[in-house]
Amino acid sequence: MSTLATIAFDIETTGFSTTDQLTVVGFDAEIGSRVFLNTDGGACASNIEQRVNEHLTTPVTLSVHEDESALLDAVKTFFDAKIAQRDVKLVAYNGETWKGGFNLPFLRTRLSHHEREWPFAELPYIDLMEVFSSRFNTSENSLTRVYDELVASGYGTVDPFGASSEAVDAWQAGDFEAVILHNVADIRRTRALMDVAERYCSKSDFSMKSLDPVMDSQ
């Protein structure tokens, strides 16, 4: 498992219902982050990528999309061109656990709404929430609290929000830079925690699943 490079994954949304939509999708690897922003037709600063990178030491590559459908298409194109067939694993925190999770179920719902293909075919997946809740002694199970207790430095200073719910209000107000920075902080927290888990846990402590769908849409 350790031979597979980590791609950390997280999303931002307008809420939790089936009619809510994706606002940001982010991925983080050792060399940097790839982030997709849905403005829903709203005005966005032309230099927003530069402004985001002024807060960071490792670069973010950002693309801006006018709606959720275009964002989903761009994510699929990115994975087909840059990730497919590579020795990587997708990692999230409460993205999808045996009890539920958020990121992957939400993504499936929105892909189905737009009749788009599943982007993560043939990709192994690990959810870190299960690892840290069972193999580490932390006071809470949230990503930010576990990160603060075990890593204790870095991306908390980048995140402009104290709670993820603030990202909804910021996106609706057109403060896209803040929402992107929040997403980047979370994907980089996730990858940092994966590094911690791989240093201290055995392979048997990780539950890895395939994200390959039963039916091939090709």
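A quick note: this is a predicted structure, and the numbers were derived from the prediction, not measured.
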Judged by atom type as modelled, is there a donor-acceptor pair below 3.5 Å linking the side chain of T109 to the main-chain atoms of P105?
yes
Does a salt bridge link E130 with R135, judged by any charged N lying under 4.0 Å from a carboxylate O?
no
Give, for atom OG1 of T190 and atom CG of L90, the distance between the pair rounded to the nearest 0.5 Å.
10.0 Å
Should L71 and V168 be regarded as members of a common hydrophobic cluster, given that ILVMFWY residues are connected when their side-chain heavy atoms come within less than 4.5 Å of each other, either directly or indirectly?
no
Can you name the closest pair of heavy atoms from D73 and R116 and give their distance?
OD1-NE, 2.6 Å
Looking at CG of D40 and CG of L22, how far apart are the two atoms once the value is rounded to the nearest 0.5 Å?
11.5 Å
Sidechain-backbone polar pair: N47 side chain, Q50 backbone, donor-acceptor under 3.5 Å:
no
Between K76 and D80, is the closest basic N to carboxylate O distance under 4.0 Å?
yes
Treating N53 as the side-chain partner and V60 as the backbone partner, does any N or O pair qualify as donor plus acceptor under 3.5 Å?
yes
Taking every heavy atom of A178 against every heavy atom of P160, the minimum-distance pair comes out as O-CG, 3.4 Å
When every non-hydrogen atom of G26 is compared with those of I187, the smallest separation belongs to O-CG2, 3.5 Å
Apply side-chain contact (heavy atoms from CB on, under 4.5 Å) to R188 and T58, showing your working.
CA-CA 10 Å; R188 294 186 176 183; T58 306; 3.7 Å; yes
Kindly say whether A45 contributes a backbone atom to a donor-acceptor pair with the side chain of R51 at under 3.5 angstrom?
no
OG of S142 to OH of Y93: how many Å apart, nearest 0.5 Å?
6.5 Å
State the OG-CZ distance between S17 and F106, to the nearest 0.5 angstrom.
7.0 Å
Donor-acceptor pair, distance only, cut-off 3.5 Å: does the side chain of R110 make one with the backbone of L72?
no
The criterion is ring-ring contact (aromatic ring centres under 6.0 Å, His included); which residues satisfy it with F79, sequence neighbours excluded?
F27, F120
Applying the side-chain contact (heavy atoms from CB on, under 4.5 Å) criterion to F176, which one of T23, L62, V52, L37 satisfies it?
L37
Quick check against the 3.5 Å criterion: does W118 have a side-chain atom that pairs as donor or acceptor with the backbone of L111?
no
More than 12 heavy atoms from other groups under 6.0 Å of CD on E115:
no
Taking atom types as modelled, is there a side-chain donor on E177 or H55 under 3.5 Å from an acceptor on the other?
yes
So do the side chains of F102 and I11 get within less than 4.5 Å of each other, counting heavy atoms only?
yes
Can a side-chain donor-acceptor contact be found between E66 and T39 if the only test is distance below 3.5 angstrom?
no
When you compare the side chains of R34 and S63, does any donor N or O come within less than 3.5 Å of an acceptor on the partner?
yes
Okay, side chain of Y147, backbone of D186: is any donor-acceptor separation there less than 3.5 Å?
no
Any carboxylate oxygen within less than 4.0 angstrom of a Lys/Arg side-chain nitrogen, looking at R86 and E122?
no
Residues forming a side-chain hydrogen bond (donor to acceptor under 3.5 Å, both in side chains) with D175, sequence neighbours excluded:
none
For E140 and V146 the tightest heavy-atom approach is O-CG2, 3.3 Å
Any chance you could lay out the side chain to side chain donor-acceptor pair (under 3.5 Å) test for D20 and T13, step after step, and finish with the verdict?
CA-CA 7 Å; D20 280 304; T13 73; over 6 Å; no
Quick one: do the E96 and N103 side chains pair a donor with an acceptor below 3.5 Å?
no
Decide whether R145 and T138 meet the rule of one side-chain donor and one side-chain acceptor closer than 3.5 Å.
no
Scan side-chain atoms only and decide if R189 and T144 contain a donor-acceptor pair under the 3.5 Å cut-off.
no
Could you give the distance from CZ (F136) to CG (D205), rounded to the nearest 0.5 Å?
8.5 Å
Do you reckon F78 sits in the same ILVMFWY cluster as I31, going by side-chain contacts under 4.5 Å, direct or chained?
no
Value for CE (M129) from CG (N94), rounded to nearest 0.5 Å, stands at 4.5 Å
Closest contact, heavy atoms only, P124 versus M208
CB-SD, 3.6 Å
Determine, for E198 against R191, whether the closest basic-nitrogen to carboxylate-oxygen distance falls under 4.0 angstrom.
no
Report yes or no: does T14 contribute a side-chain atom to a donor-acceptor pair with the main-chain N or O of Q21 at less than 3.5 Å?
yes
Please report the shortest heavy-atom distance between V179 and A167, naming the atom on each side.
CG2-O, 3.6 Å
Taking atom types as modelled, is there a side-chain donor on D127 or T97 under 3.5 Å from an acceptor on the other?
no
If we count only N and O atoms by modelled type, under 3.5 Å, do the side chains of D159 and H182 hold a donor and an acceptor together?
yes
Return yes if a side-chain donor-acceptor contact under 3.5 Å exists between E12 and N183, otherwise no.
yes
Among I7, L104, V91, the one residue meeting side-chain contact (heavy atoms from CB on, under 4.5 Å) with Y125
L104
Backbone N or O of N38 within a donor-acceptor pair of the W171 side chain at under 3.5 Å?
yes
